[in-house]
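For reference, the structure is listed below as C-alpha coordinates.
Below, read A as the first sequence line, B as the second, and so on, with proteins coming before strands; counting in each chain starts at 1.
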Amino acid sequence: MTSCSAYRAWLSPYVDGRLEAAQRLHLETHLTGCSGCHEALASLQQMLATLRALETPAAPDLLPGIRRKLAAAPWWRVVIERVTAPWPQSLPWHGLAMATTALLVIMVARNSMVDRSFQAEKAGRLQHDDRGLLQDRSSVGVAPSAGFGSGGARANASRPSDDLGKAFRSDTPGSGEFPASSPSLLEGERVGVGGAPMLERTLEREAGLEGELGHLAGADAEVKPSQTIQGNTAVLELRWVVPDPTATATRIVEWIHAHEGLVVATTPTRLSIRLPHAMLPVFLQQWAPGGSVLPAVVEPTASWITLSLDLVSSQP
Amino acid sequence: MSNLTDDEAQILARIRAGDGEAFGQLVHRHQQMVFAVALRMVGDFHDAEDVAQDVFVRASRAIGAFRQEAKLSTWLVAITMNLCRNRRRWWSRHRRVIAASLDEPAGPNAEPLGDTVSDPSPSPAQSAQASERQRVVQGALQQLEPGAREMVVLRDLHGYTYEEIARMVRCPVGTVKSRLSRARMQMRALLHSETVSE
(Lines give C-alpha, C1' and ligand atoms only; values in the text may rest on other atoms or scores of the structure.)
Protein backbone atom coordinates (compact mmCIF):
# COMPACT_ATOMS: atom_id res chain seq x y z
CA MET A 1 0.00 0.00 0.00
CA THR A 2 1.43 3.38 -1.01
CA SER A 3 1.92 5.80 1.83
CA CYS A 4 0.88 9.45 1.81
CA SER A 5 4.53 10.55 1.66
CA ALA A 6 4.92 8.57 -1.56
CA TYR A 7 1.76 10.14 -3.01
CA ARG A 8 3.00 13.60 -2.08
CA ALA A 9 6.19 12.96 -4.01
CA TRP A 10 3.98 12.53 -7.07
CA LEU A 11 2.26 15.89 -6.65
CA SER A 12 5.01 17.89 -8.37
CA PRO A 13 5.06 15.95 -11.66
CA TYR A 14 1.28 15.67 -11.40
CA VAL A 15 0.71 19.43 -11.51
CA ASP A 16 3.04 19.59 -14.53
CA GLY A 17 1.20 16.78 -16.30
CA ARG A 18 4.30 14.62 -16.20
CA LEU A 19 2.95 11.70 -14.16
CA GLU A 20 2.49 8.37 -15.86
CA ALA A 21 -1.13 7.39 -16.54
CA ALA A 22 -1.27 4.56 -14.02
CA GLN A 23 0.29 6.68 -11.30
CA ARG A 24 -2.01 9.60 -12.09
CA LEU A 25 -5.08 7.41 -11.71
CA HIS A 26 -3.76 6.00 -8.49
CA LEU A 27 -3.03 9.47 -7.10
CA GLU A 28 -6.37 10.92 -8.09
CA THR A 29 -8.16 8.03 -6.44
CA HIS A 30 -6.14 8.62 -3.29
CA LEU A 31 -6.80 12.36 -3.30
CA THR A 32 -10.52 11.85 -3.23
CA GLY A 33 -10.19 10.05 0.08
CA CYS A 34 -7.24 11.79 1.77
CA SER A 35 -7.76 15.34 3.00
CA GLY A 36 -4.12 15.71 4.03
CA CYS A 37 -2.81 15.00 0.54
CA HIS A 38 -5.58 17.07 -0.96
CA GLU A 39 -4.47 20.04 1.12
CA ALA A 40 -0.87 19.46 0.15
CA LEU A 41 -1.87 19.58 -3.52
CA ALA A 42 -3.82 22.78 -3.01
CA SER A 43 -0.88 24.33 -1.17
CA LEU A 44 1.48 23.40 -3.99
CA GLN A 45 -0.82 24.82 -6.63
CA GLN A 46 -1.18 28.06 -4.69
CA MET A 47 2.58 28.41 -4.34
CA LEU A 48 3.07 27.86 -8.05
CA ALA A 49 0.42 30.41 -8.86
CA THR A 50 2.19 32.93 -6.65
CA LEU A 51 5.52 32.27 -8.28
CA ARG A 52 4.16 32.48 -11.79
CA ALA A 53 2.42 35.75 -11.03
CA LEU A 54 5.59 37.29 -9.69
CA GLU A 55 6.57 40.44 -11.50
CA THR A 56 9.90 40.48 -13.20
CA PRO A 57 12.18 43.37 -12.28
CA ALA A 58 13.00 45.57 -15.25
CA ALA A 59 16.41 44.96 -16.74
CA PRO A 60 18.84 47.83 -17.15
CA ASP A 61 20.27 48.60 -20.61
CA LEU A 62 23.04 46.06 -20.92
CA LEU A 63 24.48 47.09 -24.27
CA PRO A 64 26.91 49.80 -23.14
CA GLY A 65 28.46 47.48 -20.56
CA ILE A 66 28.66 44.65 -23.07
CA ARG A 67 30.45 46.80 -25.62
CA ARG A 68 32.86 47.99 -22.94
CA LYS A 69 33.73 44.44 -22.01
CA LEU A 70 34.17 43.37 -25.61
CA ALA A 71 36.45 46.34 -26.27
CA ALA A 72 38.55 45.52 -23.22
CA ALA A 73 39.33 41.97 -24.32
CA PRO A 74 43.04 41.01 -24.01
CA TRP A 75 45.05 40.49 -27.22
CA TRP A 76 45.16 36.70 -26.88
CA ARG A 77 41.42 36.52 -26.66
CA VAL A 78 41.13 38.63 -29.79
CA VAL A 79 43.41 36.19 -31.58
CA ILE A 80 41.35 33.21 -30.41
CA GLU A 81 38.15 34.90 -31.48
CA ARG A 82 39.58 35.70 -34.89
CA VAL A 83 40.76 32.16 -35.43
CA THR A 84 37.48 30.65 -34.28
CA ALA A 85 35.32 33.23 -36.04
CA PRO A 86 33.06 31.95 -38.80
CA TRP A 87 34.15 32.07 -42.43
CA PRO A 88 35.22 34.36 -44.09
CA GLN A 89 36.35 36.54 -41.16
CA SER A 90 38.73 33.87 -40.04
CA LEU A 91 40.30 33.25 -43.45
CA PRO A 92 43.65 35.01 -42.96
CA TRP A 93 43.97 33.59 -39.45
CA HIS A 94 43.16 30.08 -40.58
CA GLY A 95 45.76 30.44 -43.29
CA LEU A 96 48.34 31.45 -40.70
CA ALA A 97 47.38 28.56 -38.44
CA MET A 98 47.56 26.10 -41.31
CA ALA A 99 50.96 27.35 -42.40
CA THR A 100 52.29 27.06 -38.86
CA THR A 101 50.91 23.56 -38.50
CA ALA A 102 52.41 22.50 -41.84
CA LEU A 103 55.79 23.83 -40.78
CA LEU A 104 55.68 21.92 -37.51
CA VAL A 105 54.68 18.70 -39.27
CA ILE A 106 57.58 19.06 -41.71
CA MET A 107 60.04 19.65 -38.88
CA VAL A 108 58.82 16.64 -36.89
CA ALA A 109 58.86 14.41 -39.97
CA ARG A 110 62.35 15.54 -40.86
CA ASN A 111 63.66 14.83 -37.37
CA SER A 112 61.98 11.45 -37.41
CA MET A 113 63.57 10.57 -40.74
CA VAL A 114 66.99 11.63 -39.56
CA ASP A 115 66.59 9.54 -36.44
CA ARG A 116 65.43 6.50 -38.41
CA SER A 117 68.33 6.70 -40.83
CA PHE A 118 70.72 6.94 -37.92
CA GLN A 119 69.21 3.89 -36.27
CA ALA A 120 69.35 1.94 -39.52
CA GLU A 121 72.96 2.83 -39.97
CA LYS A 122 73.74 1.77 -36.47
CA ALA A 123 71.87 -1.50 -36.91
CA GLY A 124 73.88 -2.17 -40.02
CA ARG A 125 77.06 -1.84 -38.02
CA LEU A 126 75.92 -4.15 -35.24
CA GLN A 127 76.32 -7.83 -35.88
CA HIS A 128 76.22 -10.94 -33.72
CA ASP A 129 79.56 -12.53 -33.02
CA ASP A 130 80.26 -16.24 -32.66
CA ARG A 131 78.84 -16.32 -29.17
CA GLY A 132 75.65 -14.57 -30.08
CA LEU A 133 76.70 -11.31 -28.52
CA LEU A 134 76.15 -8.05 -30.26
CA GLN A 135 79.32 -6.28 -31.31
CA ASP A 136 79.66 -2.87 -32.78
CA ARG A 137 81.86 -3.63 -35.75
CA SER A 138 82.64 -0.02 -36.30
CA SER A 139 84.86 0.03 -33.22
CA VAL A 140 85.61 -3.60 -32.46
CA GLY A 141 87.55 -5.72 -34.81
CA VAL A 142 88.92 -8.52 -32.67
CA ALA A 143 87.52 -11.99 -32.31
CA PRO A 144 86.54 -13.04 -28.85
CA SER A 145 89.09 -14.67 -26.64
CA ALA A 146 89.46 -18.41 -27.00
CA GLY A 147 89.69 -18.81 -23.28
CA PHE A 148 85.96 -18.68 -22.84
CA GLY A 149 83.84 -21.67 -23.41
CA SER A 150 80.37 -21.56 -24.67
CA GLY A 151 78.85 -24.92 -23.82
CA GLY A 152 75.34 -24.55 -22.72
CA ALA A 153 76.15 -21.78 -20.31
CA ARG A 154 75.31 -18.76 -22.24
CA ALA A 155 75.75 -15.66 -20.25
CA ASN A 156 73.03 -13.17 -20.55
CA ALA A 157 74.54 -10.33 -22.48
CA SER A 158 71.53 -8.17 -22.18
CA ARG A 159 70.93 -5.66 -19.50
CA PRO A 160 68.75 -6.86 -16.62
CA SER A 161 65.27 -5.46 -16.31
CA ASP A 162 65.31 -1.73 -16.68
CA ASP A 163 63.75 -1.02 -13.32
CA LEU A 164 66.49 -3.05 -11.67
CA GLY A 165 69.35 -1.45 -13.47
CA LYS A 166 68.07 2.05 -13.11
CA ALA A 167 67.12 1.59 -9.48
CA PHE A 168 70.38 0.20 -8.34
CA ARG A 169 72.97 1.41 -10.77
CA SER A 170 75.97 2.73 -8.98
CA ASP A 171 76.80 6.33 -9.58
CA THR A 172 80.17 6.19 -7.96
CA PRO A 173 82.52 8.44 -9.88
CA GLY A 174 84.74 6.52 -12.18
CA SER A 175 82.62 3.42 -11.88
CA GLY A 176 82.52 3.14 -15.60
CA GLU A 177 86.21 2.39 -15.74
CA PHE A 178 87.69 -1.03 -15.69
CA PRO A 179 91.32 -1.99 -15.61
CA ALA A 180 92.41 -2.89 -19.05
CA SER A 181 94.34 -5.80 -17.68
CA SER A 182 91.31 -7.53 -16.21
CA PRO A 183 91.20 -11.06 -17.55
CA SER A 184 87.45 -10.97 -17.59
CA LEU A 185 87.17 -8.31 -20.20
CA LEU A 186 86.35 -9.38 -23.68
CA GLU A 187 88.85 -8.13 -26.09
CA GLY A 188 87.76 -5.17 -28.05
CA GLU A 189 85.24 -3.91 -25.55
CA ARG A 190 85.33 -0.31 -24.89
CA VAL A 191 86.08 1.01 -21.49
CA GLY A 192 84.24 3.96 -20.21
CA VAL A 193 86.37 6.91 -19.26
CA GLY A 194 85.31 9.28 -16.51
CA GLY A 195 81.91 10.63 -17.35
CA ALA A 196 81.29 8.20 -20.16
CA PRO A 197 78.21 6.01 -20.02
CA MET A 198 78.46 2.98 -17.78
CA LEU A 199 80.10 0.01 -19.39
CA GLU A 200 78.47 -3.37 -19.17
CA ARG A 201 80.79 -6.30 -19.01
CA THR A 202 79.55 -9.71 -19.68
CA LEU A 203 81.24 -12.51 -17.89
CA GLU A 204 81.43 -15.83 -19.60
CA ARG A 205 81.33 -18.87 -17.47
CA GLU A 206 84.13 -21.37 -17.86
CA ALA A 207 83.27 -24.84 -18.92
CA GLY A 208 81.42 -26.65 -16.21
CA LEU A 209 80.52 -23.55 -14.30
CA GLU A 210 76.96 -23.74 -15.46
CA GLY A 211 76.74 -27.02 -13.64
CA GLU A 212 77.77 -25.39 -10.41
CA LEU A 213 75.40 -22.58 -10.84
CA GLY A 214 72.50 -24.62 -11.93
CA HIS A 215 72.79 -27.50 -9.58
CA LEU A 216 72.02 -26.77 -6.00
CA ALA A 217 71.39 -29.36 -3.33
CA GLY A 218 67.68 -29.46 -3.06
CA ALA A 219 65.20 -30.59 -5.57
CA ASP A 220 63.48 -27.36 -6.44
CA ALA A 221 66.19 -24.84 -6.97
CA GLU A 222 66.71 -23.30 -10.30
CA VAL A 223 69.17 -20.57 -10.91
CA LYS A 224 69.40 -18.73 -14.11
CA PRO A 225 73.09 -18.52 -14.77
CA SER A 226 73.01 -14.87 -15.57
CA GLN A 227 75.17 -12.12 -14.30
CA THR A 228 76.26 -8.75 -15.49
CA ILE A 229 78.43 -6.10 -13.96
CA GLN A 230 77.50 -2.49 -13.74
CA GLY A 231 80.18 -0.42 -12.18
CA ASN A 232 80.98 -2.01 -8.87
CA THR A 233 77.65 -3.78 -8.64
CA ALA A 234 77.11 -7.33 -9.79
CA VAL A 235 73.64 -8.04 -11.05
CA LEU A 236 72.46 -11.60 -10.58
CA GLU A 237 69.27 -13.07 -11.91
CA LEU A 238 67.79 -15.89 -9.88
CA ARG A 239 64.74 -18.01 -10.31
CA TRP A 240 63.57 -20.14 -7.42
CA VAL A 241 60.76 -22.66 -7.36
CA VAL A 242 59.03 -22.60 -3.97
CA PRO A 243 55.72 -23.88 -2.60
CA ASP A 244 54.31 -20.41 -1.82
CA PRO A 245 56.00 -17.66 -3.81
CA THR A 246 54.00 -14.79 -2.37
CA ALA A 247 54.57 -15.75 1.25
CA THR A 248 58.23 -16.41 0.57
CA ALA A 249 58.57 -13.01 -1.09
CA THR A 250 56.99 -11.33 1.90
CA ARG A 251 59.34 -13.02 4.34
CA ILE A 252 62.34 -12.19 2.20
CA VAL A 253 61.33 -8.54 2.10
CA GLU A 254 61.10 -8.48 5.88
CA TRP A 255 64.49 -10.15 6.20
CA ILE A 256 66.13 -7.72 3.80
CA HIS A 257 64.74 -4.75 5.69
CA ALA A 258 65.94 -6.18 8.96
CA HIS A 259 69.41 -6.60 7.50
CA GLU A 260 69.57 -3.10 6.07
CA GLY A 261 69.42 -4.09 2.47
CA LEU A 262 67.19 -2.57 -0.15
CA VAL A 263 64.35 -4.38 -1.80
CA VAL A 264 61.69 -3.43 -4.33
CA ALA A 265 58.84 -5.77 -5.17
CA THR A 266 58.15 -5.23 -8.85
CA THR A 267 55.42 -7.87 -8.60
CA PRO A 268 54.25 -9.90 -5.55
CA THR A 269 56.69 -12.66 -6.51
CA ARG A 270 59.47 -10.77 -8.22
CA LEU A 271 61.95 -8.91 -6.09
CA SER A 272 64.79 -6.62 -6.87
CA ILE A 273 67.23 -6.84 -3.97
CA ARG A 274 70.40 -4.90 -3.33
CA LEU A 275 72.84 -6.27 -0.80
CA PRO A 276 76.44 -5.76 0.17
CA HIS A 277 78.58 -8.43 -1.43
CA ALA A 278 79.45 -9.90 1.93
CA MET A 279 75.80 -10.58 2.71
CA LEU A 280 75.14 -12.70 -0.31
CA PRO A 281 76.28 -16.01 1.22
CA VAL A 282 74.19 -15.32 4.31
CA PHE A 283 71.17 -14.49 2.19
CA LEU A 284 71.51 -17.57 0.08
CA GLN A 285 72.05 -19.80 3.06
CA GLN A 286 68.89 -18.39 4.62
CA TRP A 287 66.64 -18.40 1.60
CA ALA A 288 67.91 -20.38 -1.32
CA PRO A 289 65.82 -23.54 -1.72
CA GLY A 290 67.61 -26.38 -0.10
CA GLY A 291 69.71 -23.95 1.89
CA SER A 292 72.62 -24.22 -0.50
CA VAL A 293 75.20 -21.62 -0.98
CA LEU A 294 76.28 -20.57 -4.37
CA PRO A 295 79.97 -20.70 -5.03
CA ALA A 296 81.73 -17.40 -5.32
CA VAL A 297 80.77 -16.86 -8.87
CA VAL A 298 80.19 -13.21 -8.37
CA GLU A 299 82.78 -10.85 -9.66
CA PRO A 300 85.01 -10.25 -6.63
CA THR A 301 85.46 -6.58 -7.40
CA ALA A 302 81.73 -5.96 -6.99
CA SER A 303 80.97 -4.44 -3.64
CA TRP A 304 77.24 -4.65 -4.10
CA ILE A 305 75.01 -7.37 -5.35
CA THR A 306 71.76 -6.74 -7.08
CA LEU A 307 69.55 -9.77 -7.20
CA SER A 308 66.66 -10.06 -9.59
CA LEU A 309 64.76 -12.79 -7.83
CA ASP A 310 61.84 -14.47 -9.51
CA LEU A 311 59.83 -16.83 -7.30
CA VAL A 312 57.65 -19.40 -9.03
CA SER A 313 55.29 -21.91 -7.53
CA SER A 314 56.06 -25.57 -7.34
CA GLN A 315 52.37 -26.31 -7.15
CA PRO A 316 50.82 -27.57 -10.36
CA MET B 1 16.87 21.09 -37.83
CA SER B 2 16.70 24.72 -36.74
CA ASN B 3 14.64 25.87 -33.81
CA LEU B 4 14.94 29.52 -34.77
CA THR B 5 12.26 31.70 -36.24
CA ASP B 6 13.02 33.29 -39.60
CA ASP B 7 13.68 36.58 -37.93
CA GLU B 8 16.08 35.08 -35.43
CA ALA B 9 17.86 33.15 -38.15
CA GLN B 10 18.32 36.39 -40.05
CA ILE B 11 19.71 38.22 -37.04
CA LEU B 12 22.05 35.33 -36.34
CA ALA B 13 23.37 35.35 -39.89
CA ARG B 14 23.98 39.10 -39.70
CA ILE B 15 25.79 38.78 -36.37
CA ARG B 16 28.02 36.08 -37.82
CA ALA B 17 28.81 38.38 -40.69
CA GLY B 18 29.98 40.98 -38.17
CA ASP B 19 26.89 43.20 -38.06
CA GLY B 20 27.10 45.09 -34.76
CA GLU B 21 23.61 46.48 -35.08
CA ALA B 22 22.19 42.96 -35.33
CA PHE B 23 24.00 42.07 -32.15
CA GLY B 24 22.41 45.08 -30.47
CA GLN B 25 18.99 43.82 -31.55
CA LEU B 26 19.76 40.43 -30.06
CA VAL B 27 20.68 42.04 -26.75
CA HIS B 28 17.56 44.17 -26.61
CA ARG B 29 15.32 41.21 -27.37
CA HIS B 30 16.70 38.92 -24.72
CA GLN B 31 18.23 41.08 -22.01
CA GLN B 32 15.08 41.15 -19.89
CA MET B 33 14.84 37.40 -19.74
CA VAL B 34 18.58 36.88 -19.17
CA PHE B 35 18.67 39.54 -16.47
CA ALA B 36 15.59 38.11 -14.71
CA VAL B 37 17.07 34.63 -14.58
CA ALA B 38 20.39 35.99 -13.36
CA LEU B 39 18.69 38.07 -10.70
CA ARG B 40 16.71 35.13 -9.36
CA MET B 41 19.84 33.05 -9.26
CA VAL B 42 22.34 35.48 -7.71
CA GLY B 43 19.92 37.62 -5.71
CA ASP B 44 21.74 40.94 -6.21
CA PHE B 45 20.89 43.59 -8.79
CA HIS B 46 24.42 44.63 -9.71
CA ASP B 47 25.71 41.08 -9.76
CA ALA B 48 22.82 40.10 -11.99
CA GLU B 49 23.58 43.00 -14.32
CA ASP B 50 27.22 41.95 -14.48
CA VAL B 51 26.28 38.33 -15.15
CA ALA B 52 23.80 39.34 -17.84
CA GLN B 53 26.44 41.44 -19.62
CA ASP B 54 28.87 38.53 -19.44
CA VAL B 55 26.23 36.27 -20.95
CA PHE B 56 26.04 38.39 -24.07
CA VAL B 57 29.80 38.85 -24.24
CA ARG B 58 30.20 35.11 -24.15
CA ALA B 59 27.40 34.65 -26.64
CA SER B 60 29.05 37.03 -29.07
CA ARG B 61 32.23 34.97 -28.91
CA ALA B 62 30.46 31.63 -29.23
CA ILE B 63 27.83 32.62 -31.76
CA GLY B 64 29.73 30.82 -34.49
CA ALA B 65 29.45 27.57 -32.56
CA PHE B 66 25.71 27.87 -31.89
CA ARG B 67 24.20 24.91 -33.67
CA GLN B 68 20.60 26.09 -33.66
CA GLU B 69 19.38 22.82 -32.18
CA ALA B 70 17.82 24.78 -29.34
CA LYS B 71 16.05 28.09 -29.28
CA LEU B 72 18.25 31.14 -28.99
CA SER B 73 16.65 32.04 -25.66
CA THR B 74 17.31 28.55 -24.30
CA TRP B 75 20.93 28.84 -25.34
CA LEU B 76 21.28 32.20 -23.65
CA VAL B 77 19.69 30.92 -20.45
CA ALA B 78 22.04 27.94 -20.44
CA ILE B 79 24.97 30.37 -20.60
CA THR B 80 23.35 32.36 -17.80
CA MET B 81 23.11 29.30 -15.56
CA ASN B 82 26.75 28.42 -16.24
CA LEU B 83 27.94 31.89 -15.38
CA CYS B 84 25.82 31.99 -12.23
CA ARG B 85 27.36 28.71 -11.14
CA ASN B 86 30.86 29.98 -11.89
CA ARG B 87 30.18 33.16 -9.96
CA ARG B 88 28.83 31.23 -7.01
CA ARG B 89 31.93 29.02 -6.98
CA TRP B 90 34.18 32.03 -7.19
CA TRP B 91 32.41 33.77 -4.33
CA SER B 92 32.37 30.65 -2.17
CA ARG B 93 36.13 30.36 -2.64
CA HIS B 94 36.46 33.96 -1.55
CA ARG B 95 34.04 33.42 1.28
CA ARG B 96 31.52 36.04 0.37
CA VAL B 97 28.04 35.55 1.71
CA ILE B 98 25.46 36.31 -0.92
CA ALA B 99 22.53 37.87 0.82
CA ALA B 100 19.43 38.82 -1.05
CA SER B 101 18.40 42.28 -0.08
CA LEU B 102 15.41 43.62 -1.84
CA ASP B 103 15.12 46.40 0.69
CA GLU B 104 18.41 48.11 -0.02
CA PRO B 105 18.49 50.71 -2.76
CA ALA B 106 20.24 48.77 -5.48
CA GLY B 107 18.41 49.59 -8.70
CA PRO B 108 19.63 52.14 -11.23
CA ASN B 109 17.37 54.81 -9.79
CA ALA B 110 18.37 54.02 -6.22
CA GLU B 111 15.03 52.41 -5.57
CA PRO B 112 14.68 49.28 -3.53
CA LEU B 113 14.64 46.27 -5.80
CA GLY B 114 11.30 45.26 -4.48
CA ASP B 115 9.81 48.35 -6.05
CA THR B 116 11.16 47.66 -9.52
CA VAL B 117 8.13 46.05 -11.04
CA SER B 118 7.03 45.84 -14.61
CA ASP B 119 3.43 46.90 -14.00
CA PRO B 120 3.41 50.51 -15.23
CA SER B 121 0.62 51.81 -13.04
CA PRO B 122 0.10 49.90 -9.87
CA SER B 123 -1.76 51.31 -6.95
CA PRO B 124 0.30 52.02 -3.85
CA ALA B 125 -1.20 49.03 -2.11
CA GLN B 126 -0.48 46.81 -5.06
CA SER B 127 3.08 48.07 -5.28
CA ALA B 128 3.64 47.41 -1.62
CA GLN B 129 2.17 43.98 -1.94
CA ALA B 130 4.29 43.20 -4.97
CA SER B 131 7.42 44.40 -3.22
CA GLU B 132 6.66 42.25 -0.25
CA ARG B 133 6.03 39.23 -2.45
CA GLN B 134 9.30 39.83 -4.26
CA ARG B 135 11.15 40.08 -0.97
CA VAL B 136 9.66 36.93 0.45
CA VAL B 137 10.13 34.86 -2.70
CA GLN B 138 13.66 36.06 -3.33
CA GLY B 139 14.58 35.41 0.27
CA ALA B 140 13.22 31.88 0.06
CA LEU B 141 14.98 31.28 -3.25
CA GLN B 142 18.33 32.28 -1.81
CA GLN B 143 17.89 29.74 0.94
CA LEU B 144 17.52 26.90 -1.50
CA GLU B 145 20.65 25.06 -2.46
CA PRO B 146 21.80 26.09 -5.95
CA GLY B 147 20.63 22.99 -7.80
CA ALA B 148 17.13 23.30 -6.35
CA ARG B 149 17.06 27.02 -7.05
CA GLU B 150 17.84 26.38 -10.70
CA MET B 151 14.80 24.12 -10.96
CA VAL B 152 12.36 26.56 -9.38
CA VAL B 153 13.69 29.55 -11.33
CA LEU B 154 13.62 27.80 -14.69
CA ARG B 155 10.36 25.91 -14.28
CA ASP B 156 8.18 27.93 -11.97
CA LEU B 157 9.40 31.45 -12.69
CA HIS B 158 10.21 31.14 -16.37
CA GLY B 159 8.09 28.22 -17.55
CA TYR B 160 10.73 26.12 -19.29
CA THR B 161 9.82 22.50 -20.00
CA TYR B 162 11.54 19.60 -18.32
CA GLU B 163 13.40 18.84 -21.53
CA GLU B 164 14.62 22.39 -21.94
CA ILE B 165 15.77 22.49 -18.34
CA ALA B 166 17.55 19.16 -18.76
CA ARG B 167 19.44 20.58 -21.73
CA MET B 168 20.33 23.79 -19.93
CA VAL B 169 21.65 22.20 -16.77
CA ARG B 170 22.97 19.10 -18.55
CA CYS B 171 21.22 16.38 -16.63
CA PRO B 172 18.60 13.74 -17.47
CA VAL B 173 14.90 14.61 -17.50
CA GLY B 174 14.33 12.18 -14.63
CA THR B 175 16.80 14.14 -12.53
CA VAL B 176 14.98 17.36 -13.35
CA LYS B 177 11.72 15.77 -12.24
CA SER B 178 13.04 14.59 -8.88
CA ARG B 179 15.06 17.74 -8.18
CA LEU B 180 12.10 19.93 -8.99
CA SER B 181 9.84 17.91 -6.73
CA ARG B 182 12.21 18.28 -3.80
CA ALA B 183 12.86 21.95 -4.55
CA ARG B 184 9.16 22.74 -4.54
CA MET B 185 8.68 20.98 -1.22
CA GLN B 186 11.53 22.99 0.26
CA MET B 187 10.21 26.21 -1.27
CA ARG B 188 6.76 25.54 0.12
CA ALA B 189 8.17 24.97 3.58
CA LEU B 190 10.24 28.18 3.39
CA LEU B 191 7.37 30.29 2.17
CA HIS B 192 5.07 28.80 4.76
CA SER B 193 7.49 29.57 7.57
CA GLU B 194 7.93 33.11 6.25
CA THR B 195 4.17 33.59 6.19
CA VAL B 196 3.77 32.18 9.68
CA SER B 197 6.49 34.40 11.10
CA GLU B 198 4.90 37.60 9.78
Side-chain angles (χ1 to χ4, degrees), chain A residues 5-20 23 39-74 76-90 93-94, chain B residues 16-18 20 23-24 27-28 31-36 38-40 45 48-50 52-57 60-65 107-108 113-119 122 130 133-134 136-138 152 155-159 161-162 173 177-178 180-185 187-188 191-192:
Chain A
S5 61
Y7 282 120
R8 291 185 192 187
W10 291 355
L11 293 179
S12 174
Y14 175 69
V15 298
D16 290 332
R18 298 301 296 245
L19 208 59
E20 292 172 17
Q23 286 180 320
E39 274 176 36
L41 175 63
S43 172
L44 175 62
Q45 288 169 326
Q46 189 181 15
M47 182 194 80
L48 294 180
T50 303
L51 292 178
R52 283 163 190 163
L54 209 61
E55 296 86 357
T56 308
D61 184 10
L62 300 178
L63 207 49
I66 293 168
R67 294 207 192 281
R68 237 183 349 262
K69 289 183 179 182
L70 284 171
W76 52 267
R77 186 175 278 287
V78 173
V79 170
I80 291 171
E81 287 173 15
R82 287 281 176 253
V83 172
T84 56
W87 185 277
Q89 295 171 20
S90 59
W93 295 89
H94 278 173
Chain B
R16 282 171 170 163
F23 180 69
V27 172
H28 282 128
Q31 65 178 3
Q32 178 61 41
M33 182 258 315
V34 167
F35 173 77
L39 180 63
R40 298 301 178 200
F45 187 96
E49 183 181 9
D50 199 37
Q53 287 171 354
D54 288 344
V55 167
F56 288 103
V57 168
S60 78
R61 289 173 180 152
I63 202 94
L113 181 60
D115 292 348
T116 314
V117 296
S118 57
D119 185 352
R133 236 185 348 254
Q134 288 277 2
V136 168
V137 169
Q138 192 62 46
V152 172
R155 176 65 192 160
D156 298 331
L157 294 175
H158 292 277
T161 65
Y162 283 29
V173 170
K177 196 188 277 192
S178 56
L180 181 61
S181 178
R182 278 196 302 274
R184 282 167 167 172
M185 277 195 248
M187 193 70 179
R188 216 167 78 222
L191 291 174
H192 178 71

Count the heavy-atom pairs under 4.5 Å between each of B/Glu49, B/Arg182, B/Gln31 and chain A, then report the option with the highest count. B/Gln31
Okay, B/Met187 and chain A: the region with an atom under 4.5 Å from a heavy atom over there is both
Name the member of A/Asp61, A/Leu11, A/Thr50, A/Val15 that forms the most heavy-atom pairs with chain B at distances under 4.5 Å. A/Asp61
With a 4.5 Å heavy-atom cut-off, do A/Met47 and B/His192 have their side chains touching? no
Considering all heavy atoms, the nearest A/Leu62-B/Ala52 contact: CD1-CB, 3.5 Å
How far apart are the closest heavy atoms of A/Ala59 and B/Gln32, and which atoms are they? N-OE1, 2.8 Å
B/Val27 versus chain A, the contacting section by heavy-atom distance below 4.5 Å: side chain
Quick one: closest heavy-atom pair of A/Arg18 and B/Val173, and the distance? NH2-CG1, 3.8 Å
Interface moiety of B/Val152 toward chain A, non-hydrogen atoms closer than 4.5 Å: side chain
Do you know which two heavy atoms are closest between B/Gln53 and A/Gly65, and how far apart they sit? NE2-CA, 3.5 Å
Under 4.5 Å to a heavy atom of chain A? For B/Ser178 that would be neither
Closest contact, heavy atoms only, A/Pro57 versus B/Gln134: CD-NE2, 4.2 Å
Below 4.5 Å from any heavy atom of chain A, which atoms of B/Val34 appear? Answer side chain, backbone, both or neither. neither
Check this for me: A/Gln45, atom CD, are more than 12 non-hydrogen atoms of other residues, nucleotides or ligands nearer than 6.0 Å? yes
When rounded to the nearest 0.5 angstrom, what distance separates CG in B/Asp156 from OG in A/Ser12? 7.5 Å
In sequence, state the C-alpha distance, the side-chain angles, and the governing distance for B/Gln138 and A/Leu54, and then conclude on side-chain contact (heavy atoms from CB on, under 4.5 Å). CA-CA 10 Å; B/Gln138 192 62 46; A/Leu54 209 61; over 6 Å; no
Could you state the interatomic distance from CG (B/Asp50) to NZ (A/Lys69), rounded to the nearest 0.5 Å? 3.5 Å
So, the part of B/His28 with a heavy atom under 4.5 Å from chain A: the answer is side chain
Do B/Arg155 and A/Leu51 come close enough that some side-chain heavy atom pair is under 4.5 Å? no
In Å and rounded to the nearest 0.5 Å, what is the OG to CZ distance from B/Ser60 to A/Arg67? 10.0 Å
In the structure I gave you, are the side-chain heavy atoms of B/Arg184 and A/Asp16 within less than 4.5 Å of one another anywhere? yes
Quick one: pull up CG in A/Leu63 and CZ in B/Phe56 and give me the separation to the nearest 0.5 Å. 9.5 Å
